[in-house]
Structures are given as structure tokens and as C-alpha cells.
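What follows is a short report on a single structure.
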Amino acid sequence: MIRTVESAPHVSAPVLAAYSYCEAVTGQQARNFAYGIRLLPTPKRRAMSALYAFSRRVDDIGDGALTGEVKAARLEDTRELLTRVRDRAVAEDDTDPVAVALAHAADTFPIPLGGLDELIDGVLMDVRGETYETWDDLKVYCRCVAGAIGRLSLGVFGTEPGARGAERAPEYADTLGLALQLTNILRDVREDAEGGRTYLPSDDLAKFGCSAGFSGPTPPEGSDFAGLVHFEVRRARALFAEGYRLLPMLDRRSGACVAAMAGIYRRLLDRIERDPEAVLRGRVSLPGREKAYVAVRGLSGLDARHVTRRTVSRTVRRRA
């Protein structure tokens with residue numbers, strides 16, 4: 001069983017300032033993520049913002065305009081900082097607020113910091129310009145940049161005492177991360193192409209006549225772009241269905257946070273499915289009122305109860 005600390009002891013002024021910095025970064029740069037973590041109690045919300053701020057730093061290095069060699073060197077510097085956090089070698093008055101906040105979060109919650117090493121590995125794959133022939137190949141990348149974030153988050157959330165199947169919670173958190181990442185890949189297909197990146201497996205692109213890539217607001221001539229999108233949407237839906245088995249294992253507010261973030265991405269997936277070419281014309285997003293509805297639904301526990309009923313139903317059918 002994975003446990004977390006629900007409340008933290010007195011937090012010093014330097015640590016509070018560090019957390020405030022991380023929360024500002026999260027609010028400015030990750031609206032969907034920030035929307036979800038608002039539902040958490042203060043200690044968990046702060047810890048999640050520290051995880052995001054560190055992850056954002058890693059992503060920004062990968063997405064920046066520096067040479068590949070310089071990016072790789074800076075990522076290794078970030079890995080050294082992570083080692084300092086792991087070794088409890090970051091003082092509260094350190095000049096790096098992200099390091100201070102992450103160190104405090106790691107002391108408060110059983111966060112598997114190795115997941116941040118995996119994130120760095122995934123961004124190094126981007127720096128090297130790796131492409132992916134099959135879904136199995138792409139899963140390796142997705143597990144580094146998103147599945148690992150799911151497992152890190154679970155370290156903050158913890159599982160409820162006595163939750164059935166809690167030993168599989170990290171697996172479900174990882175799978176939910178894959179679902180979110182595949183949705184991101186679909187949403188950002190043109191933006192990534194303009195940046196010289198292709199994430200969708202080359203086998204899938206070839207199957208639907210899309211090997212020429214996505215350099216404009218219309219699909220490649222003669223391709224079945226809608227078929228490709230619908231194929232990937234079905235894959236993402238299967239990942240969501242499996243990952244959602246995590247929800248009944250979490251406390252109410254942690255479950256609401258996960259349900260809100262995942263629910264936003266599921267609705268993005270719905271929009272992409274209805275109009276596949278929208279991802280070539282611009283960034284698909286949800287209005288604030290729809291995000292609010294998803295958050296209320298998560299806080300009410302509707303998604304967790306639905307998953308529980310479905311799991312019980314499947315178990316009964318297997319035994320019948």
C-alpha cells in the first residue's frame with residue numbers, strides 16, 4: 001500500500017517562498033494541470049507544483065533553441081541537481097527555488113524521484129531527434145515523459161488504506177500518463193511537425209498514407225488522415241479505460257484532481273475525434289466553463305464510482 005503524509009509540519013519562510021515560485025510557474029505555464037491540482041489540499045498542491053516546475057525546466061531545455069550538444073549538457077546539469085535533491089544536499093536558503101521546493105516535497109511525501117531521471121532520458125530522446133517505428137517504440141518515450149509523471153504524482157497522492165488492488169496503482173498511473181501523452185501528440189501534430197518532430201509511429205503513418213507528414217492546414221494528398229486520427233483515438237481511449245482503474249484507489253480530493261486532469265484530456269480527445277483536421281488548423285482546447293464542469297464531476301466522485309461499478313461488473317462476468 002502506498003501512503004502519503006496528509007499534513008505537513010510548520011513550513012519555513014524560505015520554503016514557502018520556493019513553493020510560491022513553483023505555483024506561479026504552474027499557473028502561468030500549465031493551465032490544465034493547474035486546474036486539476038487546485039482540488040488538492042495545500043501540502044499536496046505545493047508538492048505537485050514543485051514536480052511541475054522541475055519538469056517544466058527539463059522540457060524547456062529540450063524545446064529551446066540551443067544546439068543539441070548544449071541541451072544535452074544542461075540536461076545533465078539538471079540531473080546533477082536532482083542527485084543533490086535525492087541526497088538531501090539542498091539547503092532551505094539555496095538560491096534555486098525549484099530545488100528547495102522539490103527537496104521539501106521529497107522529504108514530505110514518498111516521491112519516486114527516479115521518475116524525474118526518466119523524464120530527462122525522454123527529453124534527451126527529443127534532443128537526439130529520435131523517431132518511432134511502432135507503438136511499442138513510442139511507448140518507451142511516452143513512459144519516460146508522461147508515465148513517469150503519473151508515478152511521481154502517485155507518490156504525492158498515495159492510495160487509500162485497504163484499497164483493493166493498490167499494488168497495481170503505479171501501473172495504472174503510468175498507463176494514464178500514456179493516455180494523456182498520446183492525446184497531446186494528436187493535439188500537437190502540426191506544431192510538432194513545424195518543429196521538425198514526428199511522434200506518431202511510422203508504421204501507423206504509412207498504413208494511412210500520411211508518411212509525407214503534416215506541414216500545412218490540410219492532410220497529405222491522398223491520405224486517410226481521419227482514419228489515422230480515429231485509430232490513435234481508439235488506442236488512447238483504451239489507455240484511459242485502463243488508467244482510470246486508479247481512481248477508486250485514491251482519496252476523494254486526489255481522485256478529483258486526477259479525474260479533472262484526465263477528464264479534460266478525454267474531452268479534448270472527443271473534439272479531435274469529431275473533427276480530426278482541426279489539429280492541423282490550430283490548437284484544440286476546452287473553454288473554461290467545460291473545464292469547470294469536469295472538475296465538479298471529478299470532485300463529486302462520479303468518475304471513480306463509474307470505474308468501480310464497471311470493474312465489479314467485469315469481475316462478476318469473469319466468475320460467471
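Since we're looking at a predicted model, the values are computed, not measured.
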Do Ile61 and Leu66 touch side chain to side chain, with heavy atoms closer than 4.5 Å?
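The answer is no, as the side chains (C-beta and beyond) never meet within the 4.5 Å cut-off.
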Hey, are the side chains of Met125 and Tyr132 touching, using non-hydrogen atoms and a 4.5 Å cut-off?
yes
Between [X] and [Y], what is the shortest heavy-atom contact and its length?
X: Val127; Y: Gly62; result: CG2-CA, 4.4 Å
X: His230; Y: Pro276; result: NE2-CG, 3.7 Å
X: Ala106; Y: Leu113; result: CB-CD1, 4.0 Å
X: Ile185; Y: Cys142; result: CD1-SG, 4.2 Å
X: Gly115; Y: Leu152; result: C-CD1, 3.8 Å
X: Ala50; Y: Ala105; result: CB-CB, 4.5 Å

With sequence neighbours excluded, tell me which residues meet salt bridge (charged side-chain N to carboxylate O under 4.0 Å, His left out) with Arg143.
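Listed in chain order: Asp174.
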Spacing of [atom1] belonging to [X] relative to [atom2] belonging to [Y], to within rounding of 0.5 Å:
X: Cys257; Y: Leu247; atom1: SG; atom2: CG; result: 10.5 Å
X: Thr183; Y: Tyr265; atom1: OG1; atom2: OH; result: 8.0 Å
X: Arg38; Y: Met48; atom1: CZ; atom2: CE; result: 14.5 Å

Within a reach of under 6.0 Å around CZ of Arg88, are more than 12 heavy atoms found that belong to other residues, nucleotides or ligands?
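Count not over threshold, so no.
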Can you list the residues that meet the side chain to side chain contact (heavy atoms under 4.5 Å, CB included) rule with Arg274, with sequence neighbours excluded?
Asp270, Arg271
Cut-off 3.5 Å, no hydrogens considered: what does the side-chain donor-acceptor table look like for residues 210-227, sequence neighbours left out?
unit_1: Ser223; atom_1: OG; unit_2: Pro220; atom_2: O; d: 2.7
unit_1: Asp224; atom_1: OD1; unit_2: Gly227; atom_2: N; d: 2.9

Pair up each side-chain donor or acceptor in residues 198-205 with any protein partner under 3.5 Å, not counting sequence neighbours, and list the distances.
unit_1: Tyr199; atom_1: OH; unit_2: Asp126; atom_2: OD1; d: 2.8
unit_1: Tyr199; atom_1: OH; unit_2: Asp126; atom_2: OD2; d: 3.3
unit_1: Asp204; atom_1: OD2; unit_2: Arg235; atom_2: NH1; d: 3.0

Got a sec, which residues hit side-chain hydrogen bond (donor to acceptor under 3.5 Å, both in side chains) with Asp136, two or more places apart in sequence or on another chain?
Lys139
Residues in side-chain hydrogen bond (donor to acceptor under 3.5 Å, both in side chains) with Glu277, at least two apart?
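Partners of Glu277 under the side-chain hydrogen bond (donor to acceptor under 3.5 Å, both in side chains) test: none.
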Does anything in residues 161-191 form a ring-ring contact (aromatic ring centres under 6.0 Å, His included)? List the pairs, not counting sequence neighbours.
none
Not counting sequence neighbours, list each pair that qualifies as a ring-ring contact (aromatic ring centres under 6.0 Å, His included) and has a residue in residues 176-197.
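Every candidate ring-ring contact (aromatic ring centres under 6.0 Å, His included) pair involving residues 176-197 fails, so no pair, neighbours aside, qualifies.
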side-chain hydrogen bond (donor to acceptor under 3.5 Å, both in side chains) pairs, two or more places apart, involving [range]:
range: residues 73-85; result: Glu76-Arg79, Arg79-Asp117, Arg79-Asp121, Arg84-Asp94
range: residues 60-70; result: Arg56-Asp60, Asp63-Arg197
range: residues 12-21; result: Ser12-Glu92, Tyr19-His104

Would you say Asp251's side chain and Ser254's backbone share a donor-acceptor pair under 3.5 angstrom?
yes
Stepwise side-chain contact (heavy atoms from CB on, under 4.5 Å) check, Thr175 with Arg245
CA-CA 10 Å; Thr175 300; Arg245 295 166 73 94; over 6 Å; no
Just to verify, what does Phe54 make a ring pair (Phe, Tyr, Trp, His ring centres under 6.0 Å) with, not counting sequence neighbours?
none
